[in-house]
Protein chains: 2
Amino acid sequence: MSQPIRLLIVDDHQIVRMGLRALLQLEADLEVVAEAGDSEAALRAFHQHRPDVTLLDLRMPGGGLETLKQIRQHSPEARTLLLTTSEKEEDVHACLRAGARGYAFKSMPPNALANAIRVIHGGGLWIPAEVARIDSNRKATPELSPRELEVLRLLVKGLTNPEIGELLAISRSTTKVHVAHILEKLGVADRTEAASEAFRRGLLPD
Amino acid sequence: MSQPIRLLIVDDHQIVRMGLRALLQLEADLEVVAEAGDSEAALRAFHQHRPDVTLLDLRMPGGGLETLKQIRQHSPEARTLLLTTSEKEEDVHACLRAGARGYAFKSMPPNALANAIRVIHGGGLWIPAEVARIDSNRKATPELSPRELEVLRLLVKGLTNPEIGELLAISRSTTKVHVAHILEKLGVADRTEAASEAFRRGLLPD
DNA sequence: CCGCCTATCGGCCACCTGGCCGATGCGCCC
DNA sequence: GGGCGCATCGGCCAGGTGGCCGATAGGCGG
């Protein structure tokens with residue numbers, strides 16, 4: 001290993017940044033060349049330092065996913081490892097679609113993290129079994145249309161079909177059609193379960 | 001400051017533990033005497049080292065809240081600072097009721113964390129404004145009874161009242177009463193909104 | 001050009017919902 | 001002992017739900 005793998009750490013929690021830096025310093029072939037605590041700083045640091053691998057927190061101000069997309073927009077070859085705590089289905093898919101090379105959990109043992117970084121640096125993908133499982137599930141569950149998402153947002157607030165119809169300036173009949181599609185696509189039986197699924201999958205921006 | 005404040009760090013993420021250790025080492029009057037990654041290790045470390053202040057992650061295997069309760073059971077004078085990322089209403093209240101001296105977010109600036117530790121070590125409480133706000137809200141929203149929680153768990157799965165009644169071996173009438181109480185206590189209008197509130201407040205063990 | 005998706009609307013109907021009326025019994029605490 | 005919370009059960013009823021039948025219209029891609 002002549003040249004160390006140069007890393008960029010992006011996480012809004014300074015605690016996590018320092019922890020990652022401390023952990024990764026233990027590996028001789030890894031070098032943290034920059035840190036960033038928000039989306040803008042991440043983009044600046046990326047273009048300035050051109051890291052081999054970027055560690056990106058999913059949940060941060062400015063949006064980890066948006067940051068990923070912006071990085072990939074200018075540098076499609078960028079190798080990015082998502083770091084996160086929870087695994088909401090929507091997040092996983094959105095990230096993989098956006099071109100993340102790996103999806104890791106903060107709870108993983110440190111040496112596994114180092115291995116993930118090496119795999120990604122070598123051009124590979126690092127997808128844990130849980131994520132792969134989610135990913136295969138996903139193909140069976142189609143995406144909601146924009147209109148259906150609008151209805152879903154009102155539905156989880158406890159609004160009835162007539163109320164939703166009034167707010168969206170459509171009839172109760174149309175609302176019913178949207179709700180029926182939502183139930184079908186989420187694979188659930190009623191609106192209450194749909195609300196639960198929406199939260200579980202992270203379909204809503206809270 | 002003759003004697004440094006002796007700290008115990010409890011968090012299942014090694015990344016966070018190392019980050020906290022790195023951050024707190026910068027403060028001359030703070031000393032990390034032990035770490036633990038799960039509930040059992042936390043109890044052992046607490047009784048062995050008798051830290052002045054314990055930093056406790058809320059979300060960890062074994063349950064941060066349960067760990068707190070067990071520590072306080074044997075050492076009611078223990079000074080504990082909860083560390084967490086999200087603020088679900090139920091968590092906040094349960095922790096404060098269980099005797100936590102402070103409730104801090106991992107996103108807070110590092111020096112604020114050190115200050116929080118010093119305040120708690122001095123016998124004070126460290127409650128951020130957001131948490132205090134949640135805490136005052138809480139008094140208006142009473143707790144759910146055990147039976148109501150059972151019903152709520154089935155309700156969010158999309159089960160109807162007759163179905164819930166059958167599973168719990170009670171009549172539809174009784175189920176309706178429980179649901180009505182749930183709606184009233186959560187301050188919502190229907191079961192769909194109740195499901196949303198349950199997720200928002202973290203009432204369910206996922 | 002025709003199929004498919006999306007969005008819009010209507011009616012019918014069995015079922016579920018939630019509010020309101022009533023009731024009983026149990027345990028706990030002052 | 002009497003009140004209070006909890007849990008249990010029943011009936012009545014206006015309204016919401018979700019499945020099923022139909023229909024029209026625009027857009028997009030093979």
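Chain identifiers are assigned alphabetically (A, B, ...) following the order of the sequence lines, protein sequences preceding nucleic acid strands; residue numbering begins at 1 within each chain.
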- Classify the nucleic acid contact of B/Ser145 as base, sugar-phosphate or nothing, counting any heavy atom under 4.0 Å across all strands shown. sugar-phosphate
- Which parts of nucleotides 16-30 of chain C does protein reach within less than 4.0 Å, heavy atoms only, written one letter per nucleotide 5' to 3' as B for base, S for sugar-phosphate only and - for none? SBBB-----------
- Task: Please report, rounded to the nearest Å, how far the P atom of D/dG18 is from the CG atom of A/Leu155.
- Result: 8 Å
- Message: Using whole Å, what does the distance between atom P of nucleotide C/dG10 and atom NE2 of A/His178 come to?
- Response: 13 Å
- Task: Could you give me the CA-CA distance, side-chain angles and deciding distance for B/Leu125 and B/Arg101, then say whether side chain to side chain contact (heavy atoms under 4.5 Å, CB included) is met?
- Result: CA-CA 5 Å; B/Leu125 299 176; B/Arg101 292 299 189 89; 3.6 Å; yes
- Query: Given axes from five pairs at either end, by how many degrees does the helix from C/dC1-D/dG30 to C/dC30-D/dG1 bend, rounded to 10°?
  - Reply: 40°
- Message: From CZ of A/Arg147 over to C1' of C/dA7, roughly how many Å is that when rounded to an integer?
- Response: 8 Å
- What's the CD-C1' distance between B/Glu163 and C/dC15, to the nearest Å? 11 Å
- May I ask you to test the A/Leu7-A/Leu20 pair for a side-chain heavy-atom distance under 4.5 Å? no
- Query: Any side-chain N or O of A/Thr174 under 4.0 Å from OP1/OP2 of C/dT8?
  - Reply: no
- Item | Spacing between B/Ile182 atom CD1 and D/dA7 atom C1', to the nearest angstrom | 13 Å
Side-chain atoms of residues 36-45 of chain A: list all donor-acceptor pairs with protein atoms under 3.5 Å, sequence neighbours left out, distances to 0.1 Å.
unit_1: A/Asp38; atom_1: OD1; unit_2: A/Glu40; atom_2: N; d: 3.1
unit_1: A/Asp38; atom_1: OD1; unit_2: A/Ala41; atom_2: N; d: 2.9
unit_1: A/Ser39; atom_1: OG; unit_2: A/Thr67; atom_2: OG1; d: 2.9

- Closest non-hydrogen contact found for A/Glu35 with A/Leu8 is N-CD1, 4.1 Å
- Message: Measuring to OP1 and OP2 of C/dC5, would you say a side-chain N or O of A/His181 lies under 4.0 angstrom away?
- Response: no
- Query: What integer distance in Å separates B/Leu144:CG from D/dA7:P?
  - Reply: 10 Å
- Send over the distance from A/Glu193 CD to D/dT17 P, rounded to a whole Å. 16 Å
- Message: Is any side-chain heavy atom of B/Leu113 closer than 4.5 Å to one of B/Leu81?
- Response: yes
- Message: B/Glu27: which residues meet the salt bridge (Lys or Arg N to Asp or Glu O under 4.0 Å) condition with it, sequence neighbours left out?
- Response: B/Arg118
- Rounded to the nearest angstrom, tell me the gap between atom CD in A/Glu184 and atom C1' in D/dT17. 17 Å
- Item | Closest to side chain of B/Ser173, choosing from D/dC9, D/dT8, C/dC9 | D/dC9
- Salt bridge between B/Asp11 and B/Lys106, side-chain N to carboxylate O under 4.0 Å? yes
- Return the set of residues passing side chain to side chain donor-acceptor pair (under 3.5 Å) with A/Arg147 (not counting sequence neighbours), or none when no residue passes. A/Glu150
- Sorted by chain and residue number, the ring pair (Phe, Tyr, Trp, His ring centres under 6.0 Å) partners of B/His47 (sequence neighbours excluded) come out as B/His74
